[in-house]
Amino acid sequence: MFASRSAFAMEEFKRLISYVRPYWATFAIALFSMVMVALFETATLGLLVPIVDQFVKVPGNASATIFDLHKLIPQDDWFKAWLTISGLLFVFTIGKGIAEYFSSYLMAKIGQSAILNLREQLYDHLLKQSSSFFEKHRTNFLVSRLVQSCSLIEYAVTGNLRDVLRESFILIGCFATAFYYNWRLTLGAIIVAPIIGFLTTKFSKRLRRYAEDSVEGNKLLTDTAQETLSNQMIVKAYGAETRERSRFSRVAHFIANANLRSSRTAALSPPTIDIIGVLMIILLIFFGLREINAARMDASQFFAFLFALFRSYDPMRKISRQHNEISRAFAAARDVWDVLDEDEQIPEKAESITLLPLREKIEVRDVSFNYKGHSKQILKHIDLTIPRNSIVALVGESGGGKSSLIKLLQRMYDVTEGEILWDGIDLRDADLASLRKQIALVTQETVLFNDTVKYNISYGRPDATDAQIAEAARIAFADGFIEQLPEKYDTRVGERGSLLSGGQRQRIAIARAVLVDAQLLIFDEATSALDTESEMLVQKAIANITKDRTTVVIAHRLSTIRRADKIVVMEKGEIIEVGTHAELIAAEGKYKKLYEYQFAEEAEHSANL
């Protein structure tokens, strides 16, 4: 069990390092800078012997020190010795500062570049996924991976990895200094290392577990808050504030407890190591006095040895503190890997066919469909022909399969059985980008981005000129209200178009479809009530956009249905009636009942107008 867990952790580490590998040259310079930091730190420790010698040694009798620095110090003139020691100390400090700057900056550059690549890879991966992927995962779940999880990984590379490496080199330098002065005492001190290593491992395991709890809790808290705040009107309407507050509080308390346990463990680690260190120092003082009395080392050397050993606990403590953050980073990395490893892209053949504009018809042949992992059939043996430049209206009660059929025409999913042909070409053999280029989509829930009117209209055609954008707006009867906006086409529409009315949002969406100038228009009419003027303008815009286009519409308005060349009545995933409005009324079947229940009131309202 332990071996498999260690192997899994190593695989995670290798995968994380793979994002740093392209920057190996920069990493090598950063690593060299870290080594220089350690060397300058070690050299500074080496100056302790000649400094102490100035106070306790007889001039002319210098004690040996690391890097033979004692040879640079004048022995018979204390003032010259002071000048030399001060100069060396200043040079070593400047050198260490410069090396620290380069190591920190270069590691930050590596971390930012690596995480930029990771974020772009993750975002590109998400954009390629099919609709089933997004139906399975909440938006907040995916956004937290892009933002929060990647930020934790970025800090692990920028800060944690830098500190672990740099402090490790300093630790080596401290031990090398101590070993130089007295290898016997150093070996005795190293005996305590396994104890510290064992405690560090125990602390690390606990911190990693608490970090995973904290990361999961934060994701759940984000979901809870986003869900409640985005649906605040429903929360208020049903008086659910107390319930939502309680739900939020439970998750927040879970995170607080996990963080407190993590903080308790992180706070316990350094003092535990300090206590062990102090006990070791006490023993070392005893054995050091024996070494001095045995003339195996000078007092100045023992003082430098003791200082180097004591200095080694600072990098040990810093390294032990990194376990908490590194554990969080690994937990975040696993979340990102989980998303990257889940691939539900619509498959494309290597020799896919580029679709040309529709010349004759779209055929739906004996199509059945069920969602992946579900046995229930959503569509059953659908046969439908959609001639070029015709209007086909899909009607029926909710759950009849209309939206699913629309998604199959866009190849958001692949059919389970049967085939959909575009001028005789199976959509599964077609190039996906060329298919999407032939389709303009207007959804029931108008989707606008928090940007300008111009950006939203030109979303499907970013290279459109201002004149083309204005013409699309004119066709969609949107130019009138746009010209009255504070900054006209440069006016921002707010989140999801919140600064516009329902009718204005719909006309912007229609203008977007007009500008794409696609052969196939897929239109899901909004069911929300509009004022009379907005309703009339939207209907005119719909009439404009459907001219000389092949149109498939999920119809909710009688005016749209009456214009349709073919009305398809769907129920429980099957087509039960096909015909024109007059034909289906005369047939006195399901359509007539739907008409009487859903459209009779609208017909009466239109007659009164």
Side-chain angles (χ1 to χ4, degrees), residues 1 5 8-9 12 115 118-119 122-123 126 129 131-156 159-160 202-270 321-342 344 371 373-374 445 450 495-496 498:
M1 175 75 80
R5 232 185 269 142
F8 182 67
E12 287 181 331
I115 297 309
L118 176 59
R119 276 201 172 110
L122 180 57
Y123 196 65
L126 292 175
Q129 299 311 299
S131 296
S132 60
F133 178 89
F134 294 99
E135 287 169 356
K136 192 190 310 181
H137 298 296
R138 297 183 306 276
T139 302
N140 296 336
F141 169 90
L142 298 173
V143 170
S144 72
R145 267 58 178 174
L146 272 171
V147 180
Q148 184 180 357
S149 297
C150 285
S151 293
L152 289 172
I153 299 171
E154 181 268 323
Y155 186 73
N160 303 129
K202 294 289 287 184
F203 287 135
S204 176
K205 286 181 179 178
R206 286 188 182 181
L207 288 171
R208 188 163 188 164
R209 187 171 68 249
Y210 298 149
E212 289 173 358
D213 289 344
S214 180
V215 169
E216 287 300 320
N218 275 300
K219 287 182 292 190
L220 185 57
L221 190 69
T222 301
D223 287 346
T224 303
Q226 175 75 20
E227 192 174 50
T228 302
L229 295 177
S230 60
N231 297 309
Q232 51 88 21
M233 289 186 66
I234 298 297
V235 172
K236 286 181 168 61
Y238 286 91
E241 291 93 341
T242 302
R243 183 166 67 250
E244 292 301 331
R245 191 180 298 114
S246 175
R247 191 159 70 104
F248 182 87
S249 181
R250 279 198 305 273
V251 180
H253 276 83
F254 173 80
I255 296 171
N257 290 332
N259 288 338
L260 279 174
R261 290 195 297 270
S262 178
S263 298
R264 186 169 60 238
T265 303
L268 185 62
S269 175
R321 285 175 176 171
Q322 298 305 318
H323 283 292
N324 189 22
E325 296 301 325
I326 290 174
S327 297
R328 286 176 181 272
F330 273 115
R334 271 200 306 278
D335 290 336
V336 175
W337 308 153
D338 287 344
V339 175
L340 283 173
D341 292 339
E342 187 177 352
E344 294 190 20
Y371 290 104
H374 298 273
E445 182 184 358
N450 188 11
E495 187 177 359
R496 303 182 71 83
S498 59

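Since the structure is predicted, the reported quantities are computational estimates derived from the model, not experimental observations. Positions are given from 1 along the sequence.
Residues S249 and R245 bring no donor and acceptor atom of their side chains to less than 3.5 Å of each other.
Taking the side-chain contact (heavy atoms from CB on, under 4.5 Å) definition, one finds that Y123 meets it with L127, L146, sequence neighbours left out. By the side-chain contact (heavy atoms from CB on, under 4.5 Å) test, A256 pairs with no residue at all, sequence neighbours left out.
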